[in-house]
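Accompanying notes for the structure given below.
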There are 2 protein chains.
Amino acid sequence: MAEKGEANRQRIVDAANALFYQKGYNQTSFSDIAEAAGVARGNFYYYFKTKDDILAAVIIHRMHGIELMLEDWERQFHDPRARLKRYVTILLNSRDDILRYGCPLGTLNVELSKTQLQQQSQAREMFELFRIWLERQFHALGHQDDARDLALQLLARSQGISLLTNVYSDPAFLQREADRLSAWLDAL
Amino acid sequence: MAEKGEANRQRIVDAANALFYQKGYNQTSFSDIAEAAGVARGNFYYYFKTKDDILAAVIIHRMHGIELMLEDWERQFHDPRARLKRYVTILLNSRDDILRYGCPLGTLNVELSKTQLQQQSQAREMFELFRIWLERQFHALGHQDDARDLALQLLARSQGISLLTNVYSDPAFLQREADRLSAWLDAL
DNA sequence: GTCTATAATACGATAGAC
DNA sequence: GTCTATCGTATTATAGAC
């Protein structure tokens with residue numbers, strides 16, 4: 001049945017999504033994913049021919065989630081500054097995950113950029129979704145000339161905060177730096 | 001001969017050091033290292049029993065290099081602000097490597113923190129060398145209360161800059177953000 | 001669509017001759 | 001101290017029965 005198959009496929013993508021984040025892409029095996037998804041290893045190849053295919057599906061899945069989230073934020077907040085500050089609060093909302101595994105976007109891109117440039121160019125598109133959305137908010141705030149610049153700055157600072165928070169397992173640092181980012185947005 | 005052995009050992013560490021940076025730790029095999037070092041695979045285990053041992057040796061090697069560099073900076077610059085600005089220029093000096101492979105400290109920690117926490121705690125010590133040194137400079141600049149805070153801020157911003165520079169392969173972004181960091185140090 | 005069995009390869013690691 | 005040969009395991013991936 002197509003329905004049953006589609007449900008299995010989605011469970012594989014969900015399992016791979018979590019494992020790629022928690023273990024890294026290269027350190028996650030087909031067996032790991034099959035076990036977590038509750039799908040027999042052999043049956044696995046019915047849905048995905050190669051590991052690359054799974055990664056591509058996971059990235060598309062994540063991008064879809066990001067798009068839904070950004071649309072949700074746009075509905076909830078109409079002030080561009082409020083929208084930018086909502087972005088900063090992801091850091092606090094996903095505190096425990098960042099402490100343990102870092103940022104899902106950043107760590108995946110870092111891993112793939114070493115030896116899998118082709119796939120990293122797909123993973124980079126997740127950053128692009130945020131970059132474009134943030135840029136639009138800075139533009140609406142009156143920053144016509146440096147909206148792109150500010151969006152990349154905000155992305156870079158968020159990534160640096162996530163990375164150090166993870167390296168030092170320091171929740172106090174995360175809180176302090178998130179507050180600092182928020183104050184920076186207020187001062188713009 | 002002990003001399004010949006020591007030279008071989010050093011060549012293995014040098015080769016592993018470069019490969020762990022360029023390919024990542026888990027994506028580098030014994031064969032890769034042996035080939036790059038010009039050492040037969042079997043002979044390999046005479047010097048290092050396990051892959052963990054090589055990583056430990058590489059981290060110690062890197063830490064030694066960092067210590068020498070920091071001592072060199074202290075000899076070259078006596079003004080704490082000049083020393084801090086010297087730190088920022090590493091980003092520019094290692095531009096091509098960052099564009100292609102990211103920051104050696106950051107990317108290794110990110111990789112190990114997922115599934116090799118034990119080894120990550122060793123890799124974190126590389127950050128500690130910089131953190132302690134930067135903290136001392138901020139303290140000398142008159143920041144008695146927030147020297148540690150500022151050191152971690154500078155580390156985080158450098159990491160964020162390296163990560164985005166790598167993800168987007170954007171040398172202009174690197175230059176712009178290094179200038180911004182330098183201006184931030186001037187304004188302190 | 002689902003499963004078992006298994007091929008084919010690469011890996012970390014060891015034994016032992018020289 | 002150096003080398004060849006090889007073990008055992010885990011991996012990606014396939015073939016084929018049901």
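Values below: every heavy atom of this structure, side chains too, minus hydrogens, waters and symmetry copies.
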*Residue-phosphate contact under 4.0 Å: A:Y45 side-chain N/O, C:dT2 OP1/OP2*: no
*Does NZ or CZ of B:K49 lie under 6.0 Å from the centre of the six-membered ring of B:F44, at an angle within 45° of the ring axis?*
no
_Taking the minimum atom-to-atom distance to the side chain of B:S29, which one of C:dC11, C:dT2, D:dT12 wins?_
C:dC11
*asked:* In this structure, how many angstroms lie between the C1' atom of D:dA13 and the CZ atom of A:R41, rounded?
replied: 10 Å
*Whole-Å distance separating the CZ atom of A:F44 from the P atom of C:dT6*: 22 Å
*Give the nucleotide from the list C:dT2, D:dT12, D:dT4 with an atom nearest to the side chain of A:F30.*
D:dT12
*asked:* Check the phosphate of C:dG1 against A:N8, side-chain N and O only, distance under 4.0 Å to OP1 or OP2. Yes or no?
replied: no
*How long is the line joining CZ of B:F48 and P of D:dT2, in whole Å?*
13 Å
*For the pair made of OH in A:Y46 and P in D:dA13, what is the distance, rounded to whole Å?*
19 Å
*Is A:R11 salt-bridged to A:E6, going by a charged N under 4.0 Å from an acidic O?*
no
*Using modelled atom types only, decide if a donor and an acceptor are shared between the side chain of A:Y87 and the backbone of A:L155 within a distance under 3.5 Å.*
no
_Rounded distance in Å - CD1 (A:I54) to C1' (D:dT12)_ = 10 Å
*For the side chain of B:N43, counting heavy atoms from C-beta on, which of D:dT2, C:dG1, D:dA13 is nearest?*
D:dT2
*asked:* When you measure from the side chain of A:K114 to the backbone of A:V110, do you find a donor-acceptor pair of N or O atoms at a distance under 3.5 Å?
replied: no
_I need the CD-C1' distance between A:Q27 and D:dT12, as an integer number of Å._
15 Å
*Could you give the CG-to-P distance, from A:D32 to D:dT11, as a whole number of Å?*
6 Å
_With heavy-atom distances below 4.5 Å as the criterion, would you say the side chains of B:E111 and B:Q27 are in contact?_
no
*Name the residue closer to the 5' end of DNA chain D, choosing between A:D52 and B:A40 according to the nucleotide with the nearest heavy atom.*
B:A40
*To the nearest Å, how far apart are A:I12 CD1 and C:dT2 P?*
9 Å
